[in-house]
*Asks:* 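Provided herewith is a single structure, encoded as structure tokens, for subsequent inquiry.
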Amino acid sequence: MSETFTKSMARNIYLGGSVFFILLFLALSFDTLGALPKRDNRQNITPQVALGKKVWEENNCLGCHTLLGEGAYFAPELGNVYTRFGGSKEAIMGFIASRPVEGIPGRRSMPQFNLSNEQLEAVAEFLKYTSEINSANWPPNVQG
Amino acid sequence: MSTSRLIRPCTAVWLLLVILTGVTYLVGQAGLSGMAVVAFVLITTLFKSQMVVDHFMGLKRARPFWRGLLFGYLLIVCGMIGVAYYVGLTH
Amino acid sequence: MQFQSQAVAKPYFIAAIGLFIGQILFGLIIGTQYVIGDFLFPEIPFNVARMVHTNLLIVWLLFGFMGAAYYLVPEEAERELFSPKLAIALFWIFLVAGALTIVGYLAVPYATLAAVTGNDLLPTMGREFLEQPTITKMGIVVVALAFLFNIGMTIIAGRKTVINIVLLTGLTGLAVLFLFSFYNPINLVLDKMFWWWVVHLWVEGVWELIMGAILAFVLIRLTGVDREVIEKWLYVIIAMALITGIIGTGHHYYWIGTPEYWQWWGSIFSALEPIPFFMMTVFAFTMVNRRRKEHPNKAATLWALGTAVMAFLGAGVWGFLHTLAPVNFYTHGSQITAAHGHMAFYGAYVLVVITMISYAWPHLQHNAPASNGRAQLLEMWSFWLMTVSIVFITLFLTGAGILQVYLQRVSDTPLPFMVVQDKIALFYWLRLWTGVIFFVGLCLYVYSFFAKGKETLASS
Amino acid sequence: MDTPLHDDTGALPGDFAIWIFIFAELLVFGVFFLAYAFARANNVELFNESQLQLDRISGAANTLVLITSSYFVVRAVAAIRDDDSRRCVHWLAAAIGMGSVFLVIKMFEFADKFSAGISLSTNTFFMFYLSLTFFHFMHVILGMVILAAVLFKARSGGYSAASHIGVETGASYWHMVDLVWLILFPLVYVIH
């Protein structure tokens with residue numbers, strides 16, 4: 001190759017290119033923050049939802065399940081579980097509360113987390129709130 | 001640089017680009033559409049872009065490979081835009 | 001070894017490999033739980049074992065990166081490390097904090113750990129890969145800052161090579177972006193959006209700088225190719241990585257509540273993300289082909305080339321497979337994602353750390369440029385065993401993923417998750433057995449450190 | 001002197017590093033253009049309707065502005081090949097000036113759209129319109145920064161007829177910014 005190709009210009013491309021795309025990313029992120037209120041269902045964030053998210057986190061639910069497709073792939077998607085369970089918070093609460101301590105022989109088993117009724121309701125409310133986030137029609141169907 | 005010519009080659013290219021831009025604009029203003037019009041606009045665009053590549057970027061003096069690479073790029077982009085337009089017509 | 005203080009890298013490398021073994025053991029546990037659901041239940045439920053698996057991966061890679069930095073920075077800067085004592089102190093702090101965290105995961109229920117460590121005060125736990133108690137996260141920040149100080153002071157006082165600067169930039173970015181792990185809003189969409197600022201901008205951003213710097217360092221040593229050439233290509237490659245990777249974050253913003261324009265931005269830019277990996281592959285092979293000397297450490301060359309190829313396959317090709325929004329709509333959060341994750345992490349980061357260890361170890365241990373022939377042969381065997389295994393693990397998971405996506409999401413009569421999991425169990429069995437072979441490869445790798453050869457290479 | 005060394009070798013003008021960047025940018029824009037074109041094919045009516053709200057005069061004026069500024073850059077390169085740093089600086093300043101005109105016109109256009117409540121989330125057409133033009137807008141700014149850096153170096157006598165690869169590097173990038181707009185304008189503003 002007869003082209004001139006200097007290290008200092010390569011460095012300039014690296015620095016200039018990085019700054020350029022960082023700024024672009026910040027600009028897009030800024031626009032996203034402005035667009036979120038219409039999509040993220042924030043009007044339904046209640047203290048109960050907040051508690052639900054905390055219970056969700058402190059029992060590491062994401063260690064088995066996905067939520068809006070993110071998490072582990074060992075157990076069903078829960079972003080739409082409220083819809084899948086027929087819009088029933090009681091069904092969700094009942095499922096979590098009824099897990100056998102010793103598991104189901106030979107099957108993937110969900111631990112018994114010994115949640116209080118208040119915590120159960122909060123988790124269900126959190127999952128209801130999650131199901132109402134505008135996720136661009138994902139998942140493709142109710143099975144998640 | 002030759003100063004004996006009436007007009008510098010690059011100035012002539014600039015003038016040509018200005019005129020062709022005017023034509024493209026007028027096509028838009030006239031509200032013309034249809035495959036033939038779009039083909040005309042795209043070929044004009046291809047021509048204009050290649051003028052920039054050849055005479056402004058100066059790739060006319062570079063190895064044919066580089067010039068060909070950019071021409072190929074422009075051809076694919078303009079061509080596929082034309083294909084997409086055609087697809088839109090048939091929908 | 002040119003500088004005495006490079007020796008502090010040694011405990012880091014040992015810890016890295018030790019934790020790597022732990023990571024794979026827990027990988028085998030969760031691989032088993034995939035097919036024998038109640039395996040070790042309720043003592044070690046899947047979520048705990050998986051958390052140990054992924055957290056050990058992150059921690060051992062960080063040990064590897066730090067060890068690599070301690071080894072290469074003095075040599076590049078041409079001076080002793082600013083403070084070897086600090087480096088050793090940080091090693092023990094990090095190791096003990098890491099070990100305590102893992103013990104915490106295994107000894108008590110996660111909710112108890114959260115309560116004990118005061119997650120109420122600043123809740124940051126329970127998010128994928130960032131499960132560490134808040135206090136551990138703070139410890140990580142402190143260790144990272146002290147580490148950066150140590151490395152930074154060394155670089156400032158010494159020769160400022162491109163490799164050192166790029167490495168320092170990458171490590172600084174790693175530390176700075178980790179701060180977003182402390183931001184955990186109740187709004188789930190915001191939470192997820194900024195969670196990716198840690199996770200994506202790590203693995204598809206600043207970690208690539210670290211990887212590029214390590215690879216460039218090793219290639220200069222192994223091939224004897226002019227530093228100028230390697231350094232300018234390093235710049236170009238990481239420039240491409242950031243140009244495509246930063247906006248490429250958008251491929252995580254398709255379905256989590258963020259606006260739909262990310263489907264376009266994310267698709268377009270992440271479709272170009274294979275380019276830097278491809279360049280890295282071409283770069284590594286070109287440099288090795290143009291080598292000006294025959295370095296006796298053949299194993300290190302193999303690891304380096306393996307890094308370039310496997311990073312391209314895992315991060316580039318398998319990433320591209322499901323990165324376009326219309327495809328990702330069906331594959332998001334399926335076994336396809338798992339397939340990509342396994343090969344990308346192995347190819348890009350596991351291999352680059354091992355490359356560094358493979359290059360540095362003979363210097364650290366024997367003060368020789370290479371281990372004996374038998375040790376190298378064992379290393380190469382372990383390379384092929386682990387690499388072929390990970391390729392098959394990826395293929396089996398891809399097979400599982402394709403079936404899962406079809407049965408659960410595409411077909412006219414979508415089946416429930418657990419029904420589908422039963423139907424694709426065969427692939428999980430295959431993955432598990434391949435994982436066992438991977439573990440054999442890893443054992444062979446560890447054994448190679450102790451292998452005695454007939455011939456002993458002259459001291460450098 | 002009128003045929004600098006690199007002309008004989010058939011090398012790309014300027015530093016090869018910038019060409020790697022240029023090819024990468026062209027690739028991004030190319031993919032973006034085709035994404036627009038095929039998204040349009042699926043939404044012809046929406047695109048045609050929304051396109052009517054664009055200000056074609058601004059678009060055309062900006063095309064002329066960019067072509068002219070590119071022309072000025074050509075003259076700047078010619079000047080330095082004649083070993084005339086002073087004229088080179090003048091032409092570069094003129095080119096940067098035209099770049100600023102582009103930015104001003106574009107900002108009026110953006111302001112007009114924003115005040116009409118149009119955003120990235122309005123519809124697919126405006127998503128593309130704003131994305132493409134804003135992405136290009138940032139490139140104009142980057143190009144101006146590069147030209148300004150070249151200008152300052154030229155002003156301090158950093159280039160000569162024998163050594164002016166930096167001028168060609170900046171010029172090549174600026175022409176790329178022009179080139180992309182030459183396709184963007186008919187694609188987004190005219191074709192319907």
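Throughout, protein chains are lettered first and strands after them, A, B, ... in sequence-line order, and every chain is numbered starting at 1. Not measured: the values here are computed from a predicted model.
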*Asks:* For the OG1 atom of A/Thr6 and the CD atom of C/Glu228, what is their distance to the nearest 0.5 Å?
*Replies:* 9.5 Å

*Asks:* Please report the shortest heavy-atom distance between C/Phe46 and A/Cys64, naming the atom on each side.
*Replies:* CD2-SG, 3.6 Å

*Asks:* Run through C/Glu131, C/Arg50, C/Glu128 and flag the one making a side chain to side chain contact (heavy atoms under 4.5 Å, CB included) with A/Asn60.
*Replies:* C/Glu131

*Asks:* Measuring heavy-atom distances to chain A, does C/Leu130 have an atom under 4.5 Å in its side chain, in its backbone, in both, or in neither?
*Replies:* neither

*Asks:* Residues of residues 42-52 of chain A under 4.5 Å from chain C (heavy atom pairs)?
*Replies:* A/Arg42, A/Ile45, A/Ala50

*Asks:* Check each atom of A/Thr66 against the heavy atoms of chain C and say whether the ones under 4.5 Å are side chain, backbone, both or neither.
*Replies:* side chain

*Asks:* Under 4.5 Å, heavy atom to heavy atom, which residues of residues 69-76 of chain A contact chain C?
*Replies:* A/Gly69, A/Glu70, A/Gly71, A/Ala72, A/Tyr73, A/Phe74, A/Ala75, A/Pro76

*Asks:* So that I can tick it off, tell me whether C/Asp422 and A/Arg108 are bridged by a salt bridge, with the cut-off set at under 4.0 angstrom between side-chain N and carboxylate O.
*Replies:* no

*Asks:* Which atoms of C/Gln263 are under 4.5 Å from chain A, going by heavy atoms: the side chain, the backbone, both sets, or neither?
*Replies:* side chain

*Asks:* Around atom NZ of C/Lys160, are there more than 12 heavy atoms from other residues, nucleotides or ligands closer than 6.0 Å?
*Replies:* yes

*Asks:* Given a strict heavy-atom distance threshold of 4.5 Å, which part of C/Tyr105 is in contact with chain A: side chain, backbone, both, or neither?
*Replies:* neither

*Asks:* When you measure from the side chain of A/Lys7 to the backbone N and O of C/Trp233, does any donor-acceptor pair fall under 3.5 Å?
*Replies:* no

*Asks:* Could you tell me the separation between the SG atom of A/Cys61 and the CZ atom of C/Arg127, rounded to the nearest 0.5 Å?
*Replies:* 14.0 Å

*Asks:* Around atom OH of C/Tyr406, are there more than 12 heavy atoms of other residues, nucleotides or ligands at under 6.0 Å?
*Replies:* no

*Asks:* Regarding C/Lys232 and the six-membered ring of A/Phe5, is the cationic atom NZ or CZ under 6.0 Å from the ring centre and inside 45° of its axis?
*Replies:* yes

*Asks:* Is the shortest heavy-atom distance from the side chain of C/Met51 to the side chain of A/Leu62 under 4.5 Å?
*Replies:* no

*Asks:* Which answer fits A/Ser8, side chain, backbone, both or neither, if we ask what part of it has an atom under 4.5 Å from a heavy atom of chain C?
*Replies:* neither

*Asks:* Using heavy-atom distances under 4.5 Å, tell me whether C/Leu201 contacts chain A through its side chain, its backbone, both, or neither.
*Replies:* side chain

*Asks:* List the atom of A/Gly106, the atom of C/Asp38, and the distance in Å for their closest heavy-atom pair.
*Replies:* N-OD2, 2.7 Å

*Asks:* Between C/Asn184, C/Ile237, C/Val48, C/Val162, which shows the greatest number of heavy-atom pairs under 4.5 Å with chain A?
*Replies:* C/Asn184

*Asks:* Measure A/Leu26 against the heavy atoms of chain C and call it side chain, backbone, both or neither at under 4.5 Å.
*Replies:* side chain

*Asks:* Are the side chains of A/His65 and C/Phe417 in contact, using a 4.5 Å heavy-atom criterion?
*Replies:* no

*Asks:* Against chain C, label A/Phe20 side chain, backbone, both or neither, depending on which of its atoms sit under 4.5 Å from a heavy atom there.
*Replies:* neither

*Asks:* Going by heavy atoms in the side chains, are A/Glu57 and C/Asp191 under 4.5 Å from each other?
*Replies:* yes

*Asks:* Quick check on C/Val229 against chain A: is it the side chain, the backbone, both or neither that has a heavy atom closer than 4.5 Å?
*Replies:* neither

*Asks:* Using every non-hydrogen atom in the two residues, find where A/Gln143 and C/Pro416 come nearest and quote the distance to one decimal.
*Replies:* OE1-CA, 3.2 Å

*Asks:* Is the closest side-chain donor-acceptor distance between A/Lys54 and C/Asn119 under 3.5 Å?
*Replies:* no

*Asks:* Give the intermediate values and the outcome of side-chain contact (heavy atoms from CB on, under 4.5 Å) for residues A/Ile133 and C/Trp255.
*Replies:* CA-CA 10 Å; A/Ile133 289 171; C/Trp255 326 113; over 6 Å; no

*Asks:* Would you compute the distance between atom CG of A/Leu28 and atom OG1 of C/Thr258 and round it to the nearest 0.5 angstrom?
*Replies:* 11.5 Å

*Asks:* Do A/Ile104 and C/Phe41 touch side chain to side chain, with heavy atoms closer than 4.5 Å?
*Replies:* no

*Asks:* With sequence neighbours excluded, give me every salt bridge (Lys or Arg N to Asp or Glu O under 4.0 Å) pair touching residues 132-144 of chain A.
*Replies:* A/Lys128-A/Glu132

*Asks:* Side chain, backbone, both or neither: which part of C/Pro185 has a non-hydrogen atom closer than 4.5 Å to chain A?
*Replies:* backbone

*Asks:* Side chain, backbone, both or neither: which part of A/Leu15 has a non-hydrogen atom closer than 4.5 Å to chain C?
*Replies:* neither

*Asks:* Measure distances from C/Thr169 to the heavy atoms of chain A and classify the residue's part below 4.5 Å as side chain, backbone, both or neither.
*Replies:* side chain

*Asks:* Using only heavy-atom distances, determine whether the side chains of A/Asn141 and C/Gln408 contain a donor-acceptor pair under 3.5 Å.
*Replies:* no

*Asks:* Heavy-atom distance under 4.5 Å between the side chains of C/Tyr254 and A/Trp138, does that happen here?
*Replies:* no

*Asks:* Sub-3.5 Å donor-acceptor pair from the side chain of C/His332 to the main-chain atoms of A/Leu68, do we have one?
*Replies:* yes

*Asks:* Between A/Phe25 and C/Trp265, does the ring centre distance come in under 6.0 Å?
*Replies:* no

*Asks:* Using the side-chain contact (heavy atoms from CB on, under 4.5 Å) criterion, which residues pair with C/Arg227? Sequence neighbours excluded.
*Replies:* C/Glu76, C/Arg159, C/Thr161, C/Ile163, C/Ile220, C/Arg221, C/Glu231

*Asks:* Using non-hydrogen atoms and a 4.5 Å limit, figure out which bit of A/Leu24 sits close to chain C: side chain, backbone, both or neither.
*Replies:* both

*Asks:* Name the member of A/Gly17, A/Gly63, A/Ala35 that forms the most heavy-atom pairs with chain C at distances under 4.5 Å.
*Replies:* A/Gly63

*Asks:* Please check if the side chain of A/Arg39 supplies one atom and the backbone of C/Gly257 the other of a donor-acceptor pair under 3.5 Å.
*Replies:* yes

*Asks:* Tell me whether C/Ile186 at atom CD1 has more than 12 heavy atoms from other residues, nucleotides or ligands lying less than 6.0 Å away.
*Replies:* no

*Asks:* May I have the step-by-step check of side-chain hydrogen bond (donor to acceptor under 3.5 Å, both in side chains) for A/Asp31 and C/Tyr261, ending in yes or no?
*Replies:* CA-CA 11 Å; A/Asp31 181 89; C/Tyr261 55 76; 2.5 Å; yes

*Asks:* Does one side chain, of A/Thr32 or C/Trp262, offer a donor that lies under 3.5 Å from an acceptor on the other?
*Replies:* yes

*Asks:* Can you confirm whether A/Val142 sits close enough to C/Pro414 that some side-chain heavy atom of one is under 4.5 Å from a side-chain heavy atom of the other?
*Replies:* no

*Asks:* Less than 4.5 Å apart, any side-chain heavy atom of C/Pro45 and any of A/Pro111?
*Replies:* yes

*Asks:* For C/Leu188, does its backbone N or O pair with a side-chain atom of A/Tyr129 as donor and acceptor, under 3.5 Å?
*Replies:* yes

*Asks:* Begin with the C-alpha distance, continue with both residues' side-chain angles, and end with the deciding distance and a verdict on side-chain contact (heavy atoms from CB on, under 4.5 Å) for A/Tyr14 and C/Leu242.
*Replies:* CA-CA 8 Å; A/Tyr14 161 62; C/Leu242 292 182; 3.8 Å; yes

*Asks:* Tell me, do A/Leu33 and C/Met193 make a side-chain contact under 4.5 Å, heavy atoms counted?
*Replies:* yes

*Asks:* Below 4.5 Å from any heavy atom of chain A, which atoms of C/Phe129 appear? Answer side chain, backbone, both or neither.
*Replies:* neither

*Asks:* Just do the side-chain contact (heavy atoms from CB on, under 4.5 Å) check on C/Asn47 and A/Met110 with the steps written out, would you?
*Replies:* CA-CA 9 Å; C/Asn47 62 343; A/Met110 180 164 153; over 6 Å; no

*Asks:* Given that the side chain runs from C-beta out, which part of A/Val55 has a heavy atom under 4.5 Å from chain C: side chain, backbone, both or neither?
*Replies:* neither

*Asks:* Less than 4.5 Å to any heavy atom of chain C: does that hold for the side chain of A/Met9, its backbone, both, or neither?
*Replies:* neither

*Asks:* Rounded to the nearest 0.5 Å, what separation is found between the CD1 atom of A/Ile22 and the CD1 atom of C/Ile246?
*Replies:* 4.5 Å

